[in-house]
Amino acid sequence: MSAYDTDNIFAKILRGEIPAIRLYEDEDTLCFMDIMPRADGHCLVIPKSPCRNVLDATPEQLAAVIKTVQIMSHAVMSAFDADGVTLQQFNEAAGGQEVFHLHFHVLPRHAGLSMRPPGTMAEMDVLQAHAEKIRAALG
Ligand code: 5GP
């Protein structure tokens with residue numbers, strides 16, 4: 001497995017070098033909107049410390065991230081009056097990973113509604129409006 005690349009997109013977001021629509025953070029984790037959402041409210045939870053994925057993460061990084069994943073799952077359920085939540089997490093290119101900083105996808109889901117195909121950039125004003133709803137649900 002390759003070494004952690006400090007120039008990956010999420011590392012740049014953590015350093016504030018590229019913008020992100022931030023929803024929540026604590027000492028160890030950050031959550032922000034996915035720029036190509038496969039469902040309204042699709043967001044990503046990452047550790048603030050470096051690791052590529054589940055394969056090199058420490059138990060402490062995993063524990064911190066999953067705690068925030070649960071917080072965000074409740075928030076998106078409430079914000080979008082969802083019927084369920086899908087969590088996705090990919091490891092290495094062969095496992096479907098494209099950005100090599102550990103992340104969990106949190107996707108609010110509605111009964112009978114499929115996820116959108118990947119790869120379509122959202123309108124920024126729509127993403128901002130969705131982010132506002134999630135922030136409000138976080139209280
Ligand atoms: P994965 O590595 O889990 O396959 O996918 C990476 C995810 O990051 C995708 O859902 C993609 O839409 C998202 N993504 C890629 N580049 C950016 C970016 O610059 N900003 C944000 N907020 N999300 C991104």
Side-chain angles (χ1 to χ4, degrees):
M1 197 165 92
S2 304
Y4 180 81
D5 173 11
T6 55
D7 277 334
N8 75 75
I9 292 165
F10 296 167
K12 289 181 180 177
I13 286 175
L14 280 167
R15 291 195 296 266
E17 292 168 9
I18 63 170
I21 302 176
R22 292 170 176 239
L23 299 170
Y24 174 87
E25 69 182 297
D26 61 18
E27 200 179 332
D28 300 312
T29 65
L30 172 68
C31 179
F32 53 92
M33 297 301 287
D34 194 299
I35 208 166
M36 292 179 266
R38 301 196 56 195
D40 292 351
H42 180 177
C43 56
L44 301 168
V45 177
I46 68 173
K48 288 185 174 174
S49 53
C51 62
R52 275 174 76 84
N53 54 44
V54 157
L55 299 169
D56 66 339
T58 64
E60 291 75 21
Q61 286 173 312
L62 293 174
V65 165
I66 212 70
K67 189 173 158 215
T68 301
V69 164
Q70 187 182 39
I71 290 168
M72 297 313 302
S73 296
H74 285 301
V76 298
M77 280 289 286
S78 166
F80 291 90
D81 196 21
D83 301 312
V85 175
T86 296
L87 304 179
Q88 288 185 323
Q89 197 281 316
F90 305 112
N91 300 281
E92 297 300 317
Q97 186 174 13
E98 292 181 353
V99 178
F100 294 95
H101 182 109
L102 173 65
H103 55 280
F104 277 75
H105 299 253
V106 179
L107 296 118
R109 301 296 303 279
H110 293 89
L113 194 61
S114 298
M115 287 196 295
R116 295 190 285 268
T120 303
M121 199 82 87
E123 299 291 337
M124 278 306 136
D125 55 340
V126 173
L127 273 191
Q128 290 285 6
H130 290 167
E132 274 311 312
K133 284 165 69 133
I134 298 170
R135 290 190 197 108
L138 282 165

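Nothing here was measured: the structure is a model prediction, and the numbers come from that model. Just follow the structure's listing: the first ligand is 1, and inside any ligand the first atom is 1. We number each residue from 1, following the sequence as shown.
Salt bridge D40/R109: absent, no basic N to carboxylate O contact under 4.0 Å. Taking a cutoff of 4.0 Å between a charged side-chain nitrogen and a carboxylate oxygen, R52 and E92 qualify as a salt bridge.
The aromatic ring centroids of F10 and F32 lie less than 6.0 Å from each other. Taking the six-membered ring for Trp, H130 and F80 have ring centres closer than 6.0 Å.
The aromatic rings of H105 and H42 sit tilted relative to each other, their planes meeting at an angle between 30° and 60°.
Contacts of ligand 1 (protein heavy-atom distance under 4.0 Å) are I9, F10, I13, F32, M33, D34, I35, M36, L44, F90, G96, Q97, E98, V99, H103, H105.
Taking a 4.5 Å side-chain heavy-atom cut-off between Ile, Leu, Val, Met, Phe, Trp and Tyr, the cluster of L55 extends to M1.
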